Amino acid sequence: MPREVARAADFLLVHFNGTKLDDIPVRVKALKEFGKPIVCNEDAKTGAAGAKAAELCVANGASWGLMAEEVNQHYPFSFRGAADDKVVYAALKNLTSP
């Protein structure tokens, strides 16, 4: 990300599609130097990998967003909430519950 854009932005928006799980903490850490909220609004990882990606993002100070490509990104679109990916939604519930 160009440094000038990161410095001027109110928050940093990233996608982790294609990013290996082991690389997520490193990428988040690199963005933390700008002192801005880090919002991952798209990651195509599903199941256990998606759950782990969400956990890694939250543990390292970023948000995480599921892109359930198979059901949500192609016509006819389908949004079934937790039924889209039960493993990921269970992890999200755990991460957001007291």
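The residues of the chain are indexed from 1 along the displayed sequence. Note that these values count all heavy atoms, side chains included, but never hydrogens, waters or copies made by symmetry. Being a predicted model, the structure only gives us computed values, none of them experimental.
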Nearest heavy atoms of [X] and [Y], plus distance in Å:
| X | Y | value |
| --- | --- | --- |
| Ala51 | Ala91 | CB-CB, 3.6 Å |
| Pro25 | Leu56 | CG-CD2, 4.0 Å |
| Ala62 | Val28 | CB-CG2, 4.0 Å |
| Trp64 | Cys57 | CD1-SG, 3.6 Å |

Practice problem: Could you tell me whether Gln73 atom CD has more than 12 heavy atoms of other residues or ligands within 6.0 Å of it? | Solution: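 Buried by this count: over 12 neighbours within 6.0 Å.
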Should the heavy atoms of other residues, nucleotides or ligands under 6.0 Å from NZ of Lys52 be counted, would the total exceed 12?
-> no
Going by chain and number, the hydrophobic cluster around Leu95 (ILVMFWY, side chain to side chain under 4.5 Å) further includes Val58
Distance col, row Asp23:CG vs Lys29:NZ, nearest 0.5 angstrom, shows 13.5 Å
Distance col, row Arg80:CZ vs Asn72:CG, nearest 0.5 angstrom, shows 8.5 Å
For the pair Arg3 and Glu33, find out whether any cationic side-chain nitrogen is under 4.0 Å from an anionic carboxylate oxygen. yes
* Asked: Do the charged groups of Lys20 and Asp22 touch, with an N to O distance under 4.0 Å?
  ->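 A salt bridge is absent here (no side-chain N lies under 4.0 Å from a carboxylate O).
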Return each pair, listed once, that meets side chain to side chain donor-acceptor pair (under 3.5 Å) where at least one residue sits in residues 87-98; pairs must be two or more places apart or across chains.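 As it turns out, there is no side chain to side chain donor-acceptor pair (under 3.5 Å) pair with a partner in residues 87-98 once direct neighbours are skipped.
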Item to complete: Return the orientation label for the Phe77 and Phe79 ring planes: parallel under 30°, perpendicular over 60°, tilted otherwise.
Response: parallel
Please table the atom pairs, donor to acceptor, closer than 3.5 Å between any side-chain atom in residues 10-19 and protein atoms at least two apart or in another chain.
residue : atom : partner : partner atom : Å
His15   : NE2  : Asn41   : OD1          : 3.0
Asn17   : OD1  : Ala44   : N            : 2.7
Asn17   : ND2  : Glu42   : OE2          : 2.5
Thr19   : OG1  : Arg27   : NH1          : 2.7

### Whether Lys45 side chain and Ala53 backbone form a donor-acceptor pair below 3.5 Å
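It does not hold such a pair.
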(message) Closer than 3.5 angstrom, by distance alone: can the side chain of Asp43 be matched with the main-chain N or O of Met67 as a donor-acceptor pair?
(response) no
I'd like to check Ile24 versus Asn60 (side-chain heavy atoms, cut-off strictly below 4.5 Å). Are they in contact?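 Result no, sub-4.5 Å side-chain heavy-atom pair not found.
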